[in-house]
Amino acid sequence: MQIAAKKAVSIDYTLTNDAGEVIDSSAGGAPLVYLHGAGNIIPGLERSLEGKQAGDELNVSVEPEEAYGEYSPELVATLNREMFEGVDELEVGMQFHASGPDGGMQIVTVRDIDGNDVTVDGNHPLAGQRLNFKVKVVNVRDASDEEVAHGHVHGEGGHQH
Ligand SMILES: [Zn+2]
């Protein structure tokens with residue numbers, strides 16, 4: 001069975017950056033299960049998997065615009081420490097949920113703390129990076145009508161509800 005829209009696909013994968021560092025991997029755990037054609041995974045990877053079948057292995061390099069976007073300096077802001085009232089120990093690297101300009105939630109990361117000035121970065125941690133995936137297709141099956149309606153996979157490796 002070939003990967004196409006409305007298929008539930010299981011993949012083993014290892015994600016490395018251009019420096020060869022492993023960023024994420026399914027090794028040692030369960031495969032990633034996703035609903036093809038529903039935007040569950042980054043567009044560049046989803047498109048490369050189209051037409052593949054169980055047992056196929058591929059190496060895919062995904063440019064930032066097909067992954068987590070280019071790094072945008074406009075998403076970096078300096079806030080007053082008072083904005084973080086209630087946080088016991090503010091540290092570089094901490095992440096917070098914040099409402100973005102479009103009203104949606106985004107994760108911001110504390111980049112720098114200088115006195116009362118706290119620099120936060122709303123870019124995705126992988127923004128601006130080319131992502132190199134080594135992927136093996138483990139299984140392909142038809143998604144159920146319910147899964148297609150929900151836009152995600154149910155059961156093992158998927159949503160449990
Ligand atoms: Zn569901």
Side-chain angles (χ1 to χ4, degrees), residues 1-18 21-72 74-77 83-84 86-87 91 93-111 120-161:
M1 183 180 286
Q2 290 190 318
I3 296 176
K6 301 182 182 177
K7 303 292 183 196
V9 183
S10 306
I11 55 172
D12 278 327
Y13 71 98
T14 297
L15 167 60
T16 53
N17 61 18
D18 274 353
E21 296 163 340
V22 174
I23 296 168
D24 194 11
S25 175
S26 64
L32 171 74
V33 187
Y34 78 95
L35 178 64
H36 195 81
N40 291 176
I41 60 175
I42 59 170
L45 181 59
E46 187 166 57
R47 193 163 51 246
S48 299
L49 283 162
E50 182 91 24
K52 299 291 189 291
Q53 49 195 354
D56 284 353
E57 295 184 45
L58 59 158
N59 291 296
V60 187
S61 285
V62 183
E63 298 297 325
E65 60 265 30
E66 292 289 310
Y68 293 101
E70 298 290 352
Y71 187 87
S72 51
E74 308 90 80
L75 294 178
V76 178
M83 299 278 291
F84 298 90
V87 180
E91 288 173 11
M94 284 178 114
Q95 294 187 317
F96 296 90
H97 288 275
S99 42
D102 57 359
M105 292 301 284
Q106 63 179 157
I107 291 175
V108 299
T109 306
V110 175
R111 290 281 175 232
V120 296
D121 186 346
N123 285 284
H124 188 281
L126 296 176
Q129 292 200 42
R130 184 196 298 153
L131 305 180
N132 305 297
F133 290 92
K134 186 173 164 42
V135 179
K136 182 174 184 185
V137 181
V138 178
N139 188 51
V140 184
R141 65 167 170 84
D142 287 317
S144 69
D145 290 345
E146 190 186 46
E147 288 172 323
V148 171
H150 285 199
H152 56 230
V153 171
H154 293 156
E156 201 174 332
H159 283 244
Q160 313 281 347
H161 68 116

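As the structure lists them, so they are numbered: ligands from 1, and atoms in each ligand from 1. Bear in mind the structure is a predicted one, so any value in this text is a computation, not a measurement.
- Partner of H154 under the side chain to side chain donor-acceptor pair (under 3.5 Å) criterion, out of E146, H159, E147: E146 alone.
- The nearest N, O or S atom of H159 is not closer to the Zn ion (ligand 1) than 2.8 Å.
- The main-chain N or O of H152 is never found under 3.5 Å from a side-chain atom of H150 such that the two would form a donor-acceptor pair.
- D142 and K7 are joined by a salt bridge, as a carboxylate oxygen and a charged side-chain nitrogen come within less than 4.0 angstrom of each other.
- Sorting the N, O or S atoms of H150 by how far they are from the Zn ion (ligand 1) puts ND1 first.
- The angle H154:NE2 - the Zn ion (ligand 1) - H152:NE2 amounts to 110°, with values rounded to 10 degrees.
- A donor-acceptor pair is defined here as one N or O able to donate and one able to accept, closer than 3.5 Å; no such pair exists between the side chain of S61 and the backbone of N132.
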